[in-house]
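First the structure, in the form of structure tokens, and then the observations on it.
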Amino acid sequence: MKLLHVDSSITGANSVSRELSQFVVDQLRQQNDQVQVEHIDLALNPPPHFSADSLGMRLGLDPATLTERQRAENAITEQYLNQFLASDVIVIGAPFYNFTIPSQLKAWMDRLAQAGRTFRYTSNGPEGLAGDKTVYLVLSRGGIYSESEQGQAMEHQESYLRVMFGFMGVTDLRIVYAEGLGKAPELRDQIVENAKASVSTLLEKSTA
């Protein structure tokens with residue numbers, strides 16, 4: 001089994017999403033000692049944000065006519081896309097910044113959404129092509145957004161990732177929450193432990 005571990009938090013060792021995403025990876029390793037893990041850190045090595053040069057191959061341009069910059073952009077896209085496509089399981093640590101995900105993570109997602117690779121258009125509408133993957137979303141939040149309509153309307157972290165992976169055909173989407181970290185910092189350890197307990201429950205269900 002190939003596992004892609006993606007971190008995006010900018011807070012390093014203080015990051016809850018990093019701690020929990022590593023916990024998920026460790027638990028999956030315990031379940032299967034043949035797991036091959038590849039880790040990418042989007043905060044330390046951020047993908048360039050999407051630009052006109054990134055669209056060269058997507059526009060159907062003749063590869064021979066691409067500029068040097070367009071070729072470089074395409075190579076970056078291919079690197080991330082091939083990592084994703086080759087993986088059976090993807091574990092993503094996604095903190096909550098200004099009501100959504102880090103821009104570095106958004107830039108990575110932009111590289112993955114490619115017609116003919118992760119989705120295709122058909123006479124019945126778009127069809128996802130990455131439905132063979134399991135994706136763990138490890139979501140950390142300073143506030144609590146899951147317990148009210150107002151909170152759910154304000155968050156564009158989980159909702160965005162659900163839409164994107166759903167569009168790419170992923171139906172096995174498993175979510176780990178760590179909420180209220182900013183409202184009750186004295187409860188941080190308990191919030192993290194509760195999140196870890198939910199991971200164990202998700203893993204138990206997957207082996208049932």
Side-chain angles (χ1 to χ4, degrees), residues 3-28 37-50 79-81 83-85 87-113 118 128 130 133-147 151-183 185 188 191-203 206:
L3 187 155
L4 180 61
H5 178 193
V6 182
D7 275 318
S8 60
S9 170
I10 62 175
T11 58
N14 295 320
S15 167
V16 168
S17 68
R18 285 178 181 270
E19 178 180 348
L20 290 174
S21 69
Q22 185 61 57
F23 180 79
V24 173
V25 172
D26 291 343
Q27 295 302 300
L28 289 167
V37 178
E38 188 169 7
H39 180 243
I40 55 177
D41 190 326
L42 301 177
L44 288 180
N45 298 291
H49 287 293
F50 223 42
Q79 175 189 349
Y80 287 125
L81 187 56
Q83 281 178 323
F84 176 77
L85 291 174
S87 300
D88 304 296
V89 177
I90 298 93
V91 178
I92 300 174
F96 190 78
Y97 297 158
N98 298 318
F99 306 106
T100 189
I101 60 174
S103 61
Q104 296 92 332
L105 181 55
K106 172 65 165 59
W108 180 73
M109 296 293 298
D110 285 337
R111 303 280 172 169
L112 302 187
T118 53
K133 305 183 187 307
T134 297
V135 176
Y136 288 84
L137 300 179
V138 180
L139 308 179
S140 61
R141 300 169 177 172
I144 297 175
Y145 293 86
S146 65
E147 297 180 358
Q152 292 167 10
M154 293 173 65
E155 78 84 14
H156 306 287
Q157 173 199 42
E158 176 184 350
S159 57
Y160 170 76
L161 292 169
R162 278 187 180 276
V163 167
M164 286 296 293
F165 283 111
F167 187 77
M168 291 188 282
V170 175
T171 57
D172 190 358
L173 194 64
R174 309 180 187 190
I175 302 181
V176 180
Y177 301 94
E179 289 193 299
L181 293 161
K183 294 184 67 174
R188 179 189 185 279
I191 293 170
V192 170
E193 287 306 310
N194 290 344
K196 289 180 178 179
S198 73
V199 171
S200 299
T201 300
L202 287 175
L203 294 175
S206 68

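A donor-acceptor pair under 3.5 Å links the side-chain atoms of S21 to the main chain of S17, judged by distance alone. E179 contributes a side-chain N or O that, together with a main-chain N or O of S146, makes up a donor-acceptor pair within less than 3.5 Å. Checked by atom type and distance alone, the side chain of S140 never pairs as donor or acceptor with a backbone atom of A178 at under 3.5 Å. Of the possible polar contacts, none joining the K133 side chain to the L173 backbone as a donor-acceptor pair under 3.5 Å is found.
The aromatic rings of F84 and W108 sit perpendicular to each other, their planes meeting at more than 60°, with 30° as the lower class boundary.
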Trace of the side-chain contact (heavy atoms from CB on, under 4.5 Å) decision for Q27 with F23: CA-CA 6 Å; Q27 295 302 300; F23 180 79; 3.5 Å; yes
Given the rule in the side-chain contact (heavy atoms from CB on, under 4.5 Å) test, do Y177 and E158 qualify, once you have shown the distances and angles that lead to the verdict? CA-CA 10 Å; Y177 301 94; E158 176 184 350; 2.9 Å; yes
M109 vs Y160, test: side-chain contact (heavy atoms from CB on, under 4.5 Å). Steps then yes/no. CA-CA 10 Å; M109 296 293 298; Y160 170 76; 3.7 Å; yes
Can S8 and I101 be said to form a side-chain contact (heavy atoms from CB on, under 4.5 Å), step by step? CA-CA 9 Å; S8 60; I101 60 174; over 6 Å; no
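Applying the salt bridge (charged side-chain N to carboxylate O under 4.0 Å, His left out) test to E155 and every residue at least two apart in sequence or in another chain returns R141. Looking at residues two or more places apart in sequence or on another chain, you find a ring-ring contact (aromatic ring centres under 6.0 Å, His included) between H39 and H5.
Between the OG1 atom in T134 and the CG atom in L28 there is a gap of 9.0 Å [rounded to 0.5 Å]. The OH atom of Y97 lies 4.0 Å from the CD1 atom of I10; values are rounded to the nearest 0.5 Å. Rounding to the nearest 0.5 Å places CG of L112 at 6.5 Å from OG1 of T118. To the nearest 0.5 Å, atoms CG (L3) and CD1 (I90) are separated by 8.0 Å. In this structure, CG on L137 lies 11.5 Å from CZ on R174, to the nearest 0.5 angstrom. Interatomic distance, CD of Q157 versus CG of L139, reported as 4.5 Å (0.5 Å rounding).
Across A94 and L161, no two heavy atoms sit closer than the pair CB-CD1, 4.1 Å. Nearest approach of S198 to V176, heavy atoms of both residues: OG-CG1, 3.8 Å. Among all heavy-atom pairs drawn from I175 and L202, the shortest one is O-CD1, 3.9 Å.
Counting heavy atoms from C-beta on, the side chains of S9 and P102 never come closer than 4.5 Å. Under the 4.5 Å side-chain criterion, counting only non-hydrogen atoms from C-beta, K196 is in contact with L20. Two residues are said to be in side-chain contact when any heavy atoms from C-beta on lie closer than 4.5 Å; H49 and S103 meet this criterion.
For residues 41-50, the salt bridge (Lys or Arg N to Asp or Glu O under 4.0 Å) pairs, not counting sequence neighbours, are R18-D41.
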